Asks: 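Just dropping this structure here.
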Amino acid sequence: AAPWIIVNAHRGLYCSSGVYDDTMRTGNYNLEQLLYKYGVDLFLSGHIHNYERMFDIYQSKSMRRAVNPRSTVFIVSGNGGTGSALADLGVVKTTYTAFRKDKSYGYSRMA
């Protein structure tokens with residue numbers, strides 16, 4: 001099997017709370033195009049103080065695939081702690097969210 005291509009950044013490209021950096025995704029950096037072009041499997045980020053795992057996403061659309069996705073899967077793991085407050089995700093407004101948890105501390109582990 002081919003190795004996974006994983007990208008890690010502080011700010012994410014997607015989050016169902018609507019608090020994401022659109023300029024990183026489609027603006028001057030056009031990062032989403034690069035992720036797709038180079039076949040990035042997983043994008044890990046923090047910044048938003050919650051946990052959210054998303055299906056594969058490209059240009060705000062998802063095939064809702066977790067196995068053999070054709071575009072990048074995004075995970076926000078920012079619930080490690082904060083001096084302010086944990087993020088309130090509110091009502092899910094996306095079709096690409098697989099799982100999310102707000103208002104709780106936690107950590108992520110890859111095994």
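It should be emphasised that the depicted structure is a prediction, and the values quoted were computed from it without experimental measurement. Residues take their numbers from the sequence shown, with the count starting at 1.
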Asks: Which residues satisfy the side chain to side chain donor-acceptor pair (under 3.5 Å) test with S77, sequence neighbours excluded?
Replies: S108
Asks: Does Y58 have any side chain to side chain donor-acceptor pair (under 3.5 Å) partners at least two apart in sequence or in another chain, and if so, which?
Replies: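 Listed in chain order: Q33.
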Asks: So which heavy atom on T72 is nearest to which on V40, and how close?
Replies: OG1-O, 2.9 Å
Asks: Could I get the full list of side-chain contact (heavy atoms from CB on, under 4.5 Å) partners for S45, not counting sequence neighbours?
Replies: F43, V76
Asks: Between E52 and T97, is a side-chain contact (heavy atoms from CB on, under 4.5 Å) present by the stated rule, with each step listed?
Replies: CA-CA 7 Å; E52 183 171 13; T97 298; 2.7 Å; yes
Asks: Considering only Ile, Leu, Val, Met, Phe, Trp and Tyr, and joining two whenever side-chain heavy atoms are under 4.5 Å apart, list the other residues clustered with V67.
Replies: none
Asks: Spell out, as yes or no, whether a donor-acceptor pair under 3.5 Å connects the side chain of R64 to the backbone of F55.
Replies: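 No, because the side chain of R64 does not come within donor-acceptor range (under 3.5 Å) of the backbone of F55.
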Asks: What pairs with N8 under side-chain contact (heavy atoms from CB on, under 4.5 Å), at least two apart in sequence or on another chain?
Replies: L44
Asks: Say you draw a straight line from CD of Q59 to OG of S71; how long is it, rounded to the nearest 0.5 Å?
Replies: 10.0 Å
Asks: Run the ring-ring contact (aromatic ring centres under 6.0 Å, His included) test against Y51 and tell me which residues pass, sequence neighbours left out.
Replies: none
Asks: Would you name the heavy atoms of S60 and Y14 that are closest together and state the gap between them?
Replies: N-OH, 2.8 Å
Asks: Decide yes or no for I5 and Y38: does some side-chain heavy atom of the first lie under 4.5 Å from some side-chain heavy atom of the second?
Replies: no
Asks: Are V7 and L13 connected, step by step, through hydrophobic side chains (Ile, Leu, Val, Met, Phe, Trp, Tyr) whose heavy atoms are closer than 4.5 Å?
Replies: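 Same cluster.
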Asks: May I ask you to decide if I6's main-chain N or O and D41's side chain share a donor-acceptor pair within less than 3.5 Å?
Replies: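 Judged by distance alone, no pair lies under 3.5 Å.
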Asks: Nearest 0.5 Å, please: how far is CG in N50 from CZ in R100?
Replies: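 With rounding to 0.5 Å, CZ (R100) is 8.0 Å from CG (N50).
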